[in-house]
Amino acid sequence: MALHHSFGIDIGTSTVKIYDHSSEQIQKERNMIAIRDAESVYAIGNDAYELFGKTPENIEVYTPMSNGRISDVSMMEAVLHTLLERTQSRIGYGPALYFSVPTDMSEIEKRAYHTIASRGMLRRSRIFMVERAIADAAAFEIPITNPKGTMLINFGAQSTCLSVIADGRILISNVIPIGGQNLNDAIVAAVRRKNHFMISGKTAKRLKLSLTDLSGSKLEARKVAGIDTRNGLPRSGVVTTFTVTSAVRSEMEKITDEILLFLQRIPPQVRTVILNEGIYLCGGSTKITGLPKYLNDRLECAVRISGNYDLHTVCGIKKIISDASMKTYLL
Ligand SMILES: Nc1ncnc2c1ncn2[C@@H]1O[C@H](COP(=O)(O)OP(=O)(O)OP(=O)(O)O)[C@@H](O)[C@H]1O
Ligand SMILES: [Mg+2]
């Protein structure tokens with residue numbers, strides 16, 4: 001067994017994705033931590049998500065990230081260490097940890113990555129960072145040094161990152177603080193408004209996955225459990241594709257408006273190339289049914305969606321770890 005192990009890590013607001021170079025396996029777990037009596041760790045990862053929304057009063061479930069950025073360093077450290085321990089390989093002596101990071105990261109944020117990966121069992125780790133858009137471009141096998149310009153969008157759980165790369169670097173970028181969780185929230189609000197019925201975020205997510213159809217061809221309904229907002233009593237209710245899709249569409253309108261504004265900020269000669277070539281899309285929220293045609297119509301250009309969805313970025317880090325010539329893109 002190799003003494004030094006390498007791991008590629010994409011810390012997302014909803015899930016952490018880890019590529020273990022020794023076993024070549026990718027694993028993904030919820031980025032969540034349950035704390036008991038405000039002081040001790042009770043559960044981490046998928047186990048914490050199971051508890052979410054149904055914990056006794058003395059247990060709170062937290063997400064250590066917000067809008068794609070680390071918001072609680074010590075909780076993030078606890079989650080990362082546990083999830084690395086759950087990988088197939090032993091961490092070993094001085095593992096190499098390759099993180100995908102936001103483009104416009106501040107020095108404080110950079111320090112947060114060093115903090116979460118340099119104590120306890122990770123104290124001898126070697127830390128490398130790559131900007132998410134570069135990892136995404138690598139996974140799309142886009143020639144990163146292409147001087148003409150390529151646009152990428154990563155549509156995640158709490159953020160949508162827009163980037164243009166040209167000549168091996170990020171030319172322009174923007175993060176819209178809207179992602180899949182905002183779609184869930186919009187579904188909760190729409191069901192409450194229309195049906196006088198309060199559903200949980202988890203139920204809203206299930207409805208999003210099963211009923212959303214931006215192409216408008218689905219006509220379905222689901223019976224779900226919730227609480228009647230008029231009398232506070234539990235009951236079941238029926239939610240339709242129409243209600244769910246309208247809520248998702250309203251959030252998508254906000255995102256596409258931001259994308260159109262972003263396109264206006266790109267130098268005209270680069271924008272022309274991008275609109276001719278199409279825009280590259282990845283991230284878990286790109287799985288929404290009917291999204292490619294919706295974006296194609298609204299943006300008036302082709303969109304190319306990654307088949308790796310939420311695992312796209314970590315697949316890009318895997319490429320960077322495996323190909324020595326790509327190490328030049330590490331920060
Ligand atoms: N089939 C699906 N339809 C719609 N949305 C989906 C589907 N599958 C997953 N998602 C959404 O994808 C999101 C997770 O995507 P991803 O893992 O890329 O986000 P993240 O990296 O955790 O978040 P961020 O990048 O914002 O920090 C969740 O909001 C989830 O509901
Ligand atoms: Mg992400």
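Indexing begins at 1, ligand by ligand and atom by atom, following the structure's order. We count residues from 1, following the sequence as given. Please read all numbers here as calculations on a predicted model, not as lab measurements.
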Could you work out, with side chain to side chain contact (heavy atoms under 4.5 Å, CB included) as the rule, every residue matching Thr103, not counting sequence neighbours?
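For Thr103, the residues satisfying side chain to side chain contact (heavy atoms under 4.5 Å, CB included) (neighbours in sequence not counted) are Glu131, Ile170, Ser173.
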Taking Lys293 as the fixed residue, which of Asp297, Thr289, Asn296 is the one that meets the side-chain hydrogen bond (donor to acceptor under 3.5 Å, both in side chains) rule?
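The single option meeting the side-chain hydrogen bond (donor to acceptor under 3.5 Å, both in side chains) with Lys293 is Asp297.
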Examine [X] against ligand 1 and note whether any of their N/O atoms are separated by less than 3.5 Å.
| X | answer |
| --- | --- |
| Ala157 | yes |
| Thr15 | yes |
| Asn154 | no |
| Lys17 | yes |

Ser100/Asp10 under side-chain hydrogen bond (donor to acceptor under 3.5 Å, both in side chains): CA gap, chis, key distance, verdict:
CA-CA 5 Å; Ser100 57; Asp10 174 32; 2.9 Å; yes
Under 4.0 Å to a heavy atom of [X] - the qualifying atoms of ligand 1, by number:
| X | answer |
| --- | --- |
| Gln158 | 26 (O) |
| Leu209 | 1 (N), 2 (C), 3 (N), 4 (C), 5 (N), 6 (C), 7 (C), 8 (N) |
| Gly68 | 27 (O) |
| Asp310 | 16 (P), 17 (O), 18 (O) |
| Gly283 | 18 (O) |
| Ser159 | 24 (P), 25 (O), 26 (O) |
| Gly12 | 20 (P), 21 (O), 22 (O), 27 (O) |

Residue selection (non-hydrogen contact nearest atom 30 (C) of ligand 1) among Arg132, Arg206, Lys208:
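Ranked by closest heavy atom to atom 30 (C) of ligand 1, first place is Lys208.
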Which bit of Met65 gets closer than 4.0 Å to ligand 1, counting heavy atoms only: side chain, backbone, both or neither?
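It is neither part, as no heavy atom is under 4.0 Å.
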Taking the non-hydrogen atoms of Ser285, is any one of them nearer than 4.0 angstrom to ligand 1?
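Yes, that is the case, since the closest heavy atom of the residue is under 4.0 Å from the ligand.
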Taking the six-membered ring for Trp, is the centroid-to-centroid distance between Tyr98 and His21 below 6.0 Å?
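Ring centroids of Tyr98 and His21 are no less than 6.0 Å from each other.
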Students should be able to answer this: which protein heavy-atom is nearest to [atom], and at what distance?
| atom | value |
| --- | --- |
| atom 10 (N) of ligand 1 | Gly284 O, 3.4 Å |
| atom 27 (O) of ligand 1 | Thr13 OG1, 2.5 Å |
| atom 14 (C) of ligand 1 | Ser14 OG, 3.5 Å |
| atom 29 (O) of ligand 1 | Gly180 CA, 3.3 Å |

Is a side-chain donor-acceptor pair under 3.5 Å present for Thr256 with Arg298?
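Present: a donor and an acceptor within the cut-off.
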Treating Thr13 as the side-chain partner and Gly68 as the backbone partner, does any N or O pair qualify as donor plus acceptor under 3.5 Å?
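At least one qualifying donor-acceptor pair exists.
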Checking the side chain of Asp228 only, and the main-chain atoms of Phe197 only, is there a donor and an acceptor separated by less than 3.5 Å?
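Judged by distance alone, no pair lies under 3.5 Å.
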Rounded distance [0.5 Å steps], CD in Glu277 versus CZ in Arg304
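Separation between the atoms: 6.0 Å.
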Rounded to the nearest 0.5 Å, what separation is found between the CD atom of Glu251 and the CD1 atom of Ile176?
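These two atoms lie 11.5 Å from each other.
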Relative to each other, are the rings of Phe7 and His5 parallel, tilted or perpendicular (30° and 60° limits)?
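The arrangement is tilted - the two ring planes meet at 30° to 60°.
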Output all residues satisfying side chain to side chain donor-acceptor pair (under 3.5 Å) with Arg271, sequence neighbours left out; order by chain, then residue number.
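By the side chain to side chain donor-acceptor pair (under 3.5 Å) rule, Arg271 matches no residue at all.
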